[in-house]
*Asks:* 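Following this message is one structure expressed as structure tokens.
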Amino acid sequence: MKKLSAEELRLTARFFSNEIGRLATRPIRIMEVCGSHTVAIFRTGIRQLLPEHVELVSGPGCPVCVTPNDYLDRAVAYSRRQDVIITTFGDMLRVPGSTSTLQLEKARGADIRIVYSPLESLEVAKANADKRIVFLAVGFETTAPTAAATILAAEQARIDNFFVLASHKLVPPALQALLEDGTTRIDGFLLPGHVSAVIGEQPYQFLISDYQTPAVIGGFEALEILQAIYHLVKQLHEGTSQLENQYRHIVRPDGNRVARTVLDKVYCIVDSNWRGIGMIPHSGLAVNDGYRHFDALHTLPVEAEPLQEHRGCRCGEVLKGSIKPGECGMFGTFCTPEHPVGACMVSVEGTCAAWYKYGAGRFQL
Ligand code: SF4
């Protein structure tokens with residue numbers, strides 16, 4: 001989108017807002033799949049520009065939120081080993097596992113280091129040859145290529161004390177699972193820009209061919225989001241279903257081939273467990289046989305504690321868009337960003353955290 005003056009921005013926003021109002025002649029539910037979209041929608045106040053009957057619901061697009069308890073429990077088990085250093089993105093520290101968090105384990109003396117890129121783990125590995133470095137490889141198609149590239153870099157540098165605990169998730173199978181599940185009515189998808197930059201357009205085609213559900217790949221600026229919503233509403237008004245790419249300056253139709261080549265080299269597609277949604281076929285990435293020696297699960301098996309879910313936490317329903325955070329009895333009282341009960345309140349991209357930060361008191365919960 002070309003750079004617009006403030007006045008042009010205002011007029012364009014008003015145009016989209018008016019057109020959405022004109023075309024939305026019935027209640028419409030649009031799911032924004034990506035946590036960054038959820039935050040951008042709140043930050044820019046887009047809900048106030050939409051008619052009441054055009055509802056935006058958040059989907060399973062926050063990587064920390066969809067990572068299930070059993071993964072956290074295993075990470076905690078690794079952190080308790082004297083010979084292990086955990087490297088992880090900072091968001092993972094506060095996510096509650098069954099009975100502990102990595103933050104708690106760190107306070108108890110576990111060696112857990114925050115990294116901003118998985119590649120930093122290799123420096124930790126070189127500096128600590130007597131330890132085993134376990135990187136917590138979570139996230140969607142956006143972060144998986146860097147984790148895969150780190151495995152390739154470790155192999156090239158002959159680093160043999162670096163491992164990954166992989167729980168990457170793939171977005172398209174989750175969308176299919178939501179449509180099959182049917183507990184949430186979804187009239188259209190605002191598709192994630194960053195994930196799409198890697199996978200391109202093709203993996204979403206089933207939304208049109210099998211489910212006749214309009215889908216638009218959108219950017220993260222206010223006008224880009226409004227424009228995407230406008231195109232979804234327009235399709236619904238005209239009774240069509242198409243896959244549109246309104247983020248073309250970033251998302252190429254065939255995505256990022258280099259990133260996908262790295263993924264294909266190191267990972268394989270597996271069934272994966274999503275918090276609140278359960279096991280989704282072909283929705284995750286695991287280290288493939290050729291690189292198994294970097295797979296923590298294979299090389300350093302650990303016994304995790306018995307799985308316990310957090311009583312009263314409705315993260316699963318929030319992630320499916322079947323309830324809003326305010327419908328959880330603990331929202332804003334027992335569960336806050338300072339004292340999160342569930343994963344959706346931890347990350348800034350978590351739906352409950354976003355509603356708490358931007359929404360409470362300003363929107364109907
Ligand atoms: S408000 Fe807290 S307890 Fe409730 S669903 Fe969200 S994360 Fe879970």
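Ligands are counted one by one from 1 in listed order, and the atoms in each one are counted from 1 as well.
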*Asks:* In terms of side-chain geometry, is the basic nitrogen of Glu55 or Lys324 positioned less than 4.0 Å from the acidic oxygen of its partner?
*Replies:*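 Counted as a salt bridge, because a side-chain N and a carboxylate O are separated by less than 4.0 Å.
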
*Asks:* Among all protein heavy atoms, pick out the one at the shortest distance from atom 8 (Fe) of ligand 1; state its residue, atom name and that distance to 0.1 Å.
*Replies:*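 Going by distance alone, atom 8 (Fe) of ligand 1 is nearest to Cys313 SG, 2.4 Å.
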
*Asks:* Can you tell me if Cys315 contacts ligand 1 (heavy atom of the residue under 4.0 Å from the ligand)?
*Replies:*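 It does; at least one heavy atom falls under 4.0 Å.
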
*Asks:* In ligand 1, which numbered atoms sit nearer than 4.0 Å to a non-hydrogen atom of Met345?
*Replies:*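 Close to Met345: 7 (S).
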
*Asks:* Is Cys328 close enough to atom 4 (Fe) of ligand 1 to have an N, O or S atom under 2.8 Å?
*Replies:*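 Yes.
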
*Asks:* Might you confirm whether atom CZ of Arg185 has over 12 heavy atoms from other residues, nucleotides or ligands at distances under 6.0 Å?
*Replies:*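 Count over threshold, so yes.
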
*Asks:* Report yes or no: do Ser100 and Glu105 form a side-chain donor-acceptor pair below 3.5 Å?
*Replies:*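 The criterion, which ignores hydrogens and geometry beyond distance, is satisfied for Glu105 and Ser100.
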
*Asks:* Between Tyr356 and Phe331, what is the ring plane arrangement, given parallel below 30°, perpendicular above 60°, and tilted in between?
*Replies:*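 Taking Phe331 first and then Tyr356, their aromatic rings stand perpendicular (interplane angle over 60°).
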
*Asks:* Around atom 6 (Fe) of ligand 1, find the nearest protein heavy atom and jot down its residue, atom name and distance.
*Replies:*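 In this structure, atom 6 (Fe) of ligand 1 has Cys352 SG, 2.4 Å as its nearest protein heavy atom.
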
*Asks:* Can you list the ligand 1 atoms lying under 4.0 Å from a non-hydrogen atom of Gly342?
*Replies:*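 Near Gly342, meaning under 4.0 Å from one of its heavy atoms, ligand 1 has 7 (S).
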
*Asks:* To check your reading of the model: name the closest protein heavy atom to atom 2 (Fe) of ligand 1, its residue, and the distance in Å.
*Replies:*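 Minimum-distance protein heavy atom for atom 2 (Fe) of ligand 1 reads Cys335 SG, 2.3 Å.
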
*Asks:* Kindly state whether the ring of Phe163 and the ring of His293 have centres lying under 6.0 angstrom apart.
*Replies:*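 Distance test on ring centres: not under 6.0 Å, no.
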
*Asks:* Taking the six-membered ring for Trp and the single ring otherwise, decide whether the centroids of Phe140 and His168 are under 6.0 Å apart.
*Replies:*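 Not under 6.0 Å, so no.
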
